[in-house]
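Residue numbering restarts at 1 for every chain, and letters A, B, ... go by the order of the sequence lines.
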Amino acid sequence: MNNDIEEKTEASASSSINFIKAIILDDLKTNKFNGIVHTRFPPEPNGYLHIGHAKSICLNFGLAKEFNGQTNLRFDDTNPSKEDVEYVESIKEDVKWLGFDWEDREFFASDYFEQLYQYAVQLINDGKAYVCSLSADEMKTYRGTLTEPGKESPYRNRTIAENLDLFERMKAGEFADGTYVLRAKIDMTSPNLNMRDPIIYRILKVSHHRTADKWCIYPMYDFAHGFSDMIEGITHSICTLEFENHRPLYDWLLEQVNVEHHPQQIEFARLNLNYTVMSKRKLLQLVQDGNVSGWDDPRMPTIAGIRRRGYTPDAIRNFAERIGVAKRDNVIDIALLEHSVREDLNKKSMRVMAVLKPLKVVIENYPDDLVEEMDAINNPEDPEMGTRKVPFSKVLYIEQDDFMETPSKKYFRLSPGAEVRLRYAYYVKCTDVVKDENGNIIEIKCTYDPLTKGGGSPDGRKVKGTIHWVSAKHAVKAQVRLYDRLFSVENPDATEEGKTFKDYLNPDSLIKLENCYLEPYLINAEKGDKFQFERLGYFCADPIDSEKNNLVFNRTVTLKDAWARIEKNQK
RNA sequence: UGCCGGGUCGUCUAAUGGCAGGACAACGCCCUUUGGAGGCGUCUGCAGAGGUUCGAAUCCUCUCCCGGCAGCCA
């Protein structure tokens, strides 16, 4: 066992050690928890998980895995007025999708309501808790302020018998919401407001999604959390920074009941991402106000949204690894997330050709009815993915952006007189431009060089540009949804006077293109299938809306675009 | 300004008294049948001032700056 720890110490030392790992390593050395590492992921089922939760999930499960420990999934369901089974289900789905397995350790704080109640009774019996009759407003006054101490409640010195009786009757449903609360008797003058006789139980005559109407008193977070950790044998209770001031209370509660196992709370800085918002309240508002199509809108930073967008679990886990874990506040550049998904999809995804904004091209010297099957490589990063045939014929579509009538200096795609390579097919030269009565280009006429089949030329002449295409008569039509960042400013939370975060929504965060042409291979694309549309980006068949005869693709992320930069710099 | 926490390249994050390193971003160059990928390179940083020390991002002192906390939410 000790050898294992030594090895683990060395193995971890070679990768990167964050401060939490350092604590665990130290605990293992001193045998603080008998060599055990047991973490938990404890969401409240009151909303959908977002990328910030993914950081926490990866942290908790990753740490346990690294040290041969276990991780529990525990729903922190102590406030039934906000919670719902819908959220329980979505959370389970999201954690599973990320690739983590809590095995049979699926727990609910509500599993412990009886035991928690007994701990509360014990506290009362020990003179460490009392029933208080102050109203919410009075309680606020008595609490004091950040700079002034609080005052003791006039009910603070009720007898144990009286407290026991009142608490029992609270539980029995004799009193209305808000009339009584159970408070820990600590110190009203504490500089830490959480220690000024915090409420540990309140009356809530609300049906609970699991215990229904069995209870009408519910423990507060602070009371339930530490005891739940203790009951489950959690060693390292990892949470975000805003709970730092709660740690003294966490520890105080566990000390009062003299438990044999005392978990350690460790706080880390939550994830912030630029160009988005992360608060559940704001996310909910976007959903309710119809700014997005739902919690799983591909523009949302929710796990469900990111999944629908076409991100992979590997990309998210790599991202979580890369951003690290520390205590300082941070804002991660969304470019890092995008990098992570490109990196993953680049290795895995099949390349196909798709034309999003079609421009008709007629190869004038190509036989009218000839169809040739061109060989195309499925993934240059992975030869094992093989090749496929792509039909080529006289009439094609190319991207409107791949033709420019009067090209700028560095533009080396198609233009009058210029020769380019049609990927995997032939060199073609533009001979004519057809326009409608308004002067819009509606068709390009080209000639091809029959000797360049496959894309190479026997005379060794070079062409600068290679563009993608689809054969008009073989093309499959599809809708393509181009997604971009939801907000047009880095920090939508920092609002100017008189504005809300919604004033910074990016009007172009979704562009739907209805007449896109895909190479015929894509006709069998299933929901969720991921592809690289060559030269454009990574796309995913929408897991909900895409159907066999009505294909819908979401753009996950664009390819890194050197041309966009050149264009920008020319201006 | 009560308590708690935090300040290292533009953004994240390492270095735990011994060469400030990595990733992303940016910018070059090379390569390329994706202006993709890849390769090579460049740039930029210890909040400030003192002190301890042979040696300080790291330890000490002071200053400055940022964040969290006054729900019967979590």
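- If you look at Tyr426(A) and Tyr448(A), their ring centroids are closer than 6.0 Å.
- Comparing the P positions of U16(B) and C3(B) gives a spacing of 32 Å, expressed to the nearest Å.
- In summary, the aromatic rings of Tyr201(A) and Phe223(A) are positioned with their centroids under 6.0 Å apart.
- Using a 4.0 Å heavy-atom criterion, one finds that Tyr201(A) contacts no nucleic acid atom at all.
- Among the heavy atoms of the strands, none lies under 4.0 Å from Pro149(A).
- Leu134(A) comes within contact range of at least one nucleobase, with a heavy-atom separation under 4.0 Å.
- Residue Arg143(A) places its side chain closer to G71(B) than to any other of G6(B), G71(B), C73(B).
- Contact annotation for Thr145(A): base contact, defined as any heavy-atom pair under 4.0 Å involving a base atom.
- Proximity note for Glu242(A) (side chain, C-beta onward) versus G68(B), C72(B), U8(B): the nearest is G68(B).
- With Asp251(A) contributing its side chain and Pro248(A) its backbone, the two residues share no donor-acceptor pair below 3.5 Å.
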Q: Check the pair Glu242(A) / Arg270(A) against salt bridge (Lys or Arg N to Asp or Glu O under 4.0 Å), numbers first and verdict last.
A: CA-CA 9 Å; Glu242(A) 68 268 27; Arg270(A) 64 165 65 249; 2.6 Å; yes
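- Heavy atoms of Tyr424(A) sit under 4.0 angstrom from at least one base atom.
- Between A14(B), C12(B), U34(B), one nucleotide has an atom nearer to the side chain of Ala326(A) than all others, and that is A14(B).
- Counting any heavy atom pair closer than 4.0 Å across all strands shown, Val325(A) reaches sugar-phosphate atoms only and no base atom.
- Side-chain atoms of Glu381(A) and base atoms of G36(B) include a donor and an acceptor less than 3.5 Å apart.
- Using modelled atom types, no side-chain atom of Glu343(A) and backbone atom of His339(A) make a donor-acceptor pair closer than 3.5 Å.
- Environment of NZ in Lys357(A): sparse, with no more than 12 heavy atoms of neighbouring residues, nucleotides or ligands closer than 6.0 Å.
- A 3.5 Å limit on both hydrogen-bonding distances identifies no Watson-Crick or G-U partner for A57(B).
- Summarising the base pairing, C64(B) is matched to G7(B) through a Watson-Crick or G-U wobble pair whose two defining distances lie under 3.5 Å.
- Of the nucleotides present, none pairs with A70(B) by Watson-Crick or G-U wobble criteria with both distances under 3.5 Å.
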I'd like a list of close polar pairs between nucleotides 1-4 of chain B and the protein, N/O only, cut-off under 3.5 Å.
unit_1	atom_1	unit_2	atom_2	d
G2(B)	N9	Leu146(A)	O	3.3
G2(B)	N3	Leu146(A)	O	2.9

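- Between His468(A) and the options Glu534(A), Glu399(A), Glu519(A), a side chain to side chain donor-acceptor pair (under 3.5 Å) holds for only Glu399(A).
- Nucleotides A70(B) and U63(B) are separated by 29 Å at their C1' atoms, to the nearest Å.
- Using a 4.0 Å heavy-atom criterion, one finds that Phe412(A) contacts the bases of the nucleic acid, with or without backbone contacts as well.
- For Tyr221(A) and Phe243(A), the ring centers sit closer than 6.0 Å to each other.
- Only the C1' atoms considered, A57(B) is 15 Å distant from G6(B), to the nearest whole Å.
- At the heavy-atom level, Gly456(A) lies under 4.0 Å from base atoms of the strands shown.
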Which atom pairs link the protein and nucleotides 24-27 of chain B when you take only N or O atoms and keep those under 3.5 Å?
unit_1	atom_1	unit_2	atom_2	d
C27(B)	OP2	Arg565(A)	NE	3.0
C27(B)	OP2	Arg565(A)	NH1	3.4

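- Here the side chain of Asn346(A) is nearest to one of A74(B), A37(B), U8(B), namely A37(B).
- At most 12 heavy atoms of other shown residues, nucleotides or ligands fall within 6.0 angstrom of atom OH in Tyr521(A).
- Across every strand in view, A26(B) sits in a pair with U42(B) that passes the Watson-Crick or G-U test at under 3.5 angstrom.
- Arg143(A) places no side-chain N or O within 3.5 Å of a backbone atom of Arg196(A) that could act as its donor or acceptor partner.
- Using a 4.0 Å heavy-atom distance criterion, Thr558(A) is classed as making no nucleic acid contact.
- In this structure, Glu338(A) CD and Phe319(A) CZ are separated by 10.0 Å, a value rounded to the nearest 0.5 Å.
- The base of U8(B) is paired with the side chain of Arg328(A) by a donor and an acceptor separated by under 3.5 Å.
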